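Reviewing the structure listed below.
Only a predicted model underlies this, so the values are computations on that prediction, with no experimental measurement involved. In this chain, residues are counted from 1 in sequence order.
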Amino acid sequence: MESELPLEIDERELEKYRAIVLEVKKGSIAAGAGIKKGDRIITINGSIIRDLIDYQYSMADVNLKVLVERSKTELIEFEIEKDYEDDLGVSFEKAVFDEVMKCCNNCIFCFMAQMPEGMRETLYVHDDDYRLSFLYGNFITMTRMNEEDFERIKSLYLSPLYISVHTTNVKLRKQIMHCHKAENIMKQLEELTSSGISIHTQIVLMPGVNDGEELVKTIEDLSYFYPQLESIGIVPVGLTKYRDGLTPLKSFDKKSALEVINTVKPFQSKFRRRFDKSLVYLADEFYFLAEQPLPEGGEYDGYPQYENGIGIARSFQDDFHSMRNKIPSKLKYSKEFTLVTGVLGEKALANIINDLNTRVAGLKLNLVAVENEFFGEKITVSGLVTGRDIINHFQKNPRDIPENIVIPKIMLNDDRFLDDVTIDQMADELDSNVQIIDNDFESLLRLITG
C-alpha cells in the first residue's frame with residue numbers, strides 16, 4: 001500500500017543509505033509481496049537499513065513492515081508475515097548502503113600503491129570497513145573506527161573480525177602504516193576480545209622490518225588474547241616492479257624464509273601443547289621458498305586463513321590423496337588439458353599432475369607456470385597472474401597453443417583477470433576452449449571425469 005515517510009526519520013540521514021534491490025528470487029516472500037528489482041528499501045519495522053548487517057538482523061522478526069521507495073516518486077509499505085528462519089529472498093547491489101569506509105593509512109608495503117595506472121577503478125579501492133570484515137573476512141587495520149563503530153560491533157556481536165596487525169610495537173606500527181592512530185592496536189584488541197568478539201589477525205612480514213625479534217614480540221603479545229584470538233596468519237610482503245619513489249623493501253629468499261619458519265615453529269609447538277592448536281600459521285610461500293615440506297593438514301586446524309593463501313597447497317594435496325579411489329584408471333575417450341598456474345603453484349601441483357598422467361590411461365595434463373611480467377618476477381602467486389601474461393605466454397609459440405586451457409578460479413573476479421582481460425577475450429585471442437575450475441582437487445577431478 002502507498003505510504004509516507006515516518007516523521008521521526010531524518011531525511012538527510014536517510015539519503016546516506018541506498019539499499020537498492022538487485023534481484024528478487026523467484027517464488028520468494030519478497031516476490032509474493034510485490035517487491036521488485038530496483039526498489040529501494042527505506043526502513044524495516046521503522047529502522048533505517050544501513051547495510052547488509054542491519055538487513056540480516058531485521059530478519060529475526062516474524063512480522064515485518066517494509067517501507068520501499070519505487071522510481072523515486074512512490075513510497076510503498078509492505079506488511080509481511082514470515083517464519084523466524086525465513087529470508088525475504090532479495091539481494092542488493094552492495095553490502096553497505098552508504099559509502100565503504102576507505103583506508104586512510106599509507107603503508108610502506110601497500111599493494112595498491114604498487115599497481116600501474118589504467119586498470120579498472122575498483123582495483124584501486126582499498127577498504128578498511130569493519131562491516132566487510134565481518135561479512136566477507138576482509139582484513140582491516142581499525143584506524144578509521146570510532147567509538148560508535150566499536151559499540152555497534154559489541155552490541156550486535158559482529159564476530160569474528162579480521163584484523164591487520166603487522167606488529168604490536170607501537171612506534172614501528174606507526175612507521176609502517178604512516179598513521180598516528182595505528183598506536184591504538186593493543187587497546188582496540190583488548191576492547192574487542194574482552195567483549196567476547198573473536199579475531200583473526202594478519203601480519204604482512206617484511207625482511208629487516210618486522211621479522212626476527214619484532215615478530216617474536218608480536219606473536220607473544222597477540223597470544224595474550226587467546227581464546228578470542230582464533231589465528232595469527234603471517235604472509236610475505238609482495239613487491240611489484242612499480243615501486244619507484246616508495247620505501248625500499250626486500251623480498252624473502254630461501255635463507256630468510258627458513259629463518260621465519262624456524263622463528264614460528266617453536267611457537268606452533270608451544271601453542272599446540274597449551275591450546276591444542278597451532279594458532280600461528282605461515283603462508284605456503286614461505287615453505288616453497290625455503291624448500292621445506294608443508295605442515296601436515298591437521299596442523300592447520302581447519303584452515304582459518306585459507307583465503308589468505310595459508311594452507312591452500314596442503315589442502316589440495318590432502319584432497320588428492322583422500323580421493324584417489326575416485327580417480328579412474330582409464331578414460332573412455334582420450335582427453336588433454338593445459339592447466340595454467342603461477343610459479344609457486346607449479347611447485348604445489350607438479351607431483352600431483354605427474355601422478356595423474358601416470359595413473360589415468362587416456363589422460364594428458366600439461367602444467368604451465370606463467371611468469372608474472374605484469375607485476376614483475378617477484379610476484380609468484382597464482383592469484384596475481386594476469387590474463388595478458390597468459391595470452392602472451394602462449395602466443396610466443398603460436399603453433400603450440402593448447403586446444404583446452406584450464407584457469408583456476410583464484411585468478412579471476414567473476415570472469416575477469418586483474419588486468420580486466422575476460423575469459424571470452426582470452427578464448428578469442430588464443431582460439432582455444434578456456435575453462436574455469438575451483439581451487440580444489442575435486443574440481444580438477446570433475447574436469448577429468450566429466
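Between R70 and D39 there is a salt bridge, with a side-chain nitrogen of the basic residue lying less than 4.0 Å from a carboxylate oxygen of the acidic one. We find that D438 and K409 are joined by a salt bridge, their nearest charged nitrogen and carboxylate oxygen being less than 4.0 Å apart. In summary, E191 and K154 engage in a salt bridge, as defined by a charged side-chain N under 4.0 Å from a carboxylate O. Salt-bridge annotation for E183 and R173: absent, with no side-chain N of the basic residue lying under 4.0 Å from a carboxylate O of the acidic one. The pair R131-D129 meets the salt-bridge criterion, since a charged nitrogen lies less than 4.0 angstrom from a carboxylate oxygen. Using a 4.0 Å cut-off between a side-chain N of Lys or Arg and a carboxylate O of Asp or Glu, E259 and K255 qualify as a salt bridge. The residues D253 and K378 are annotated as not salt-bridged, no charged nitrogen and carboxylate oxygen being separated by less than 4.0 angstrom.
The salt bridge (charged side-chain N to carboxylate O under 4.0 Å, His left out) search around D301 returns R272, not counting sequence neighbours. H393 meets the ring pair (Phe, Tyr, Trp, His ring centres under 6.0 Å) test with no other residue; sequence neighbours excluded.
For the atom pair OH of Y303 and OG of S231, the computed distance is 14.5 Å after rounding to the nearest 0.5 Å. From S278, atom OG reaches atom CD1 of I232 across 11.0 Å, with rounding to the nearest 0.5 Å. In this structure, CG on L222 lies 7.0 Å from CD1 on I199, to the nearest 0.5 angstrom. Between the CD1 atom in I163 and the CD1 atom in I140 there is a gap of 4.0 Å [rounded to 0.5 Å]. For the atom pair CG of L294 and CG of L282, the computed distance is 10.5 Å after rounding to the nearest 0.5 Å. The distance from atom CD1 of I405 to atom CD1 of I407, rounded to the nearest 0.5 Å, is 6.5 Å.
Counting only residues at least two apart or in different chains, ring pair (Phe, Tyr, Trp, His ring centres under 6.0 Å) contacts with residues 232-271 comprise F252-F286, F267-F271, F271-F275. Note on residues 204-219: pairs passing salt bridge (Lys or Arg N to Asp or Glu O under 4.0 Å), not counting sequence neighbours, are K217-D221.
When side chains are defined from C-beta on, I176 counts as touching M206, because their heavy atoms get closer than 4.5 Å. In this structure, E442 and F316 have side chains that are not in contact, with every pair of non-hydrogen atoms separated by 4.5 Å or more. Side-chain atoms of L246 and D244, non-hydrogen and from C-beta on, never get closer than 4.5 Å to each other. Q268 is not listed as a side-chain neighbour of L279, based on a closest heavy-atom distance of 4.5 Å or more. Annotation: side chain of L447 is in contact with side chain of Q435 (closest heavy-atom distance under 4.5 Å). Side chains of L339 and V368 form no contact here, defined as non-hydrogen atoms less than 4.5 Å apart.
Defined by atom type and a distance below 3.5 Å, a donor-acceptor pair is present between the side-chain atoms of T143 and N105. Side-chain contact annotation: T386 with D389, donor-acceptor N/O pair under 3.5 Å present. Using modelled atom types and a 3.5 Å distance limit, the side chains of D415 and T422 yield no donor-acceptor pair. At a cut-off of 3.5 Å, with distance as the only test, no side-chain donor of S155 or R152 sits close to an acceptor on the other residue.
A donor-acceptor pair is defined here as one N or O able to donate and one able to accept, closer than 3.5 Å; no such pair exists between the side chain of E291 and the backbone of Y287. A donor-acceptor contact shorter than 3.5 Å links the side chain of D87 to the backbone of G89. One N or O on the side chain of D284 and one on the backbone of A313 form a donor-acceptor pair closer than 3.5 Å. No side-chain donor-acceptor contact under 3.5 Å links N184 to the backbone of K187. The main-chain N or O of E99 is never found under 3.5 Å from a side-chain atom of K94 such that the two would form a donor-acceptor pair. Between the side chain of R144 and the backbone N or O of K102, at least one donor-acceptor pair lies under 3.5 Å. Looking only at distances, no side-chain donor or acceptor of T341 sits under 3.5 Å from a matching main-chain atom of A369. A donor-acceptor distance shorter than 3.5 angstrom exists from the side chain of Q114 to the backbone of G238, with no hydrogens or angles considered. The main-chain N or O of K82 is never found under 3.5 Å from a side-chain atom of D86 such that the two would form a donor-acceptor pair. Side-chain atoms of T218 come within 3.5 Å of backbone atoms of T168 as a donor-acceptor pair (strictly under, hydrogens ignored).
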- request: Check the pair L161, H200 against side-chain contact (heavy atoms from CB on, under 4.5 Å), reporting the backbone distance first and the verdict last.
  value: CA-CA 6 Å; L161 293 178; H200 294 275; over 6 Å; no
- request: Please lay out, stage by stage, how N392 and E373 fare under the test side chain to side chain donor-acceptor pair (under 3.5 Å).
  value: CA-CA 9 Å; N392 291 345; E373 296 180 1; 4.6 Å; no
- prompt: Does the pair I49 and Y17 meet the rule for a side-chain contact (heavy atoms from CB on, under 4.5 Å), with working shown?
  reply: CA-CA 7 Å; I49 303 301; Y17 304 105; over 6 Å; no
message: Let's go through M142 and L192 carefully: what are the C-alpha distance in whole Å and the side-chain angles of both, what is the deciding distance for side-chain contact (heavy atoms from CB on, under 4.5 Å) to 0.1 Å, and is it a yes or a no?
response: CA-CA 11 Å; M142 300 195 292; L192 291 175; 3.6 Å; yes
- request: Decide side-chain contact (heavy atoms from CB on, under 4.5 Å) for R314 and E296; before the verdict, give the C-alpha distance in whole Å, the side-chain angles of both, and the deciding distance to 0.1 Å.
  value: CA-CA 7 Å; R314 169 53 67 194; E296 295 300 316; 4.3 Å; yes
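Between F97 and F92, the angle of the ring planes lies from 30° to 60°, which puts this pair in the tilted group. Between Y300 and Y281, the angle of the ring planes stays under 30°, which puts this pair in the parallel group of the 30/60° scheme.
Scanning all heavy atoms of the two residues, the minimum distance from R388 to Q425 falls at NH2-NE2, 3.4 Å. Taking both residues in full, the closest heavy atoms of T201 and F139 are given as C-CE2, 3.9 Å, listed atom of the first, atom of the second, then distance. Pairing each heavy atom of S443 with each of I437, the nearest pair is CB-CB, 4.0 Å. When all heavy atoms of T263 and P266 are compared, the pair lying nearest together is O-CD, 3.5 Å. Across all non-hydrogen atoms, the minimal contact from A290 to L258 is CB-N, 3.7 Å. Considering all non-hydrogen atoms of both residues, I153 and Y130 come closest at CG1-CD1, 3.6 Å.
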Output a table of donor-acceptor pairs, distance under 3.5 Å, between side-chain atoms of residues 28-37 and any protein atom two or more places apart or on a different chain; print 'none' if there are none.
residue, atom, partner, partner atom, Å
S28, OG, K25, O, 2.6
S28, OG, A31, N, 3.2
S28, OG, L88, O, 3.4

Residues 58-69 side chain polar contacts: donor-acceptor under 3.5 Å, at least two apart:
residue, atom, partner, partner atom, Å
S58, OG, Y55, O, 2.6
D61, OD2, N45, ND2, 3.1
E69, OE1, R40, NH1, 3.3

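Atom CD of E377 sits in a sparse spot, with 12 or fewer heavy atoms from other residues, nucleotides or ligands closer than 6.0 Å. Remark: E307 CD is loosely packed, at most 12 non-hydrogen atoms of other residues, nucleotides or ligands lying under 6.0 Å away. For E85, the CD atom counts as densely surrounded, since its 6.0 Å shell holds more than 12 non-hydrogen atoms of other residues, nucleotides or ligands.
Aromatic rings from F111 and H126 are positioned such that their centres are separated by 6.0 Å or more.
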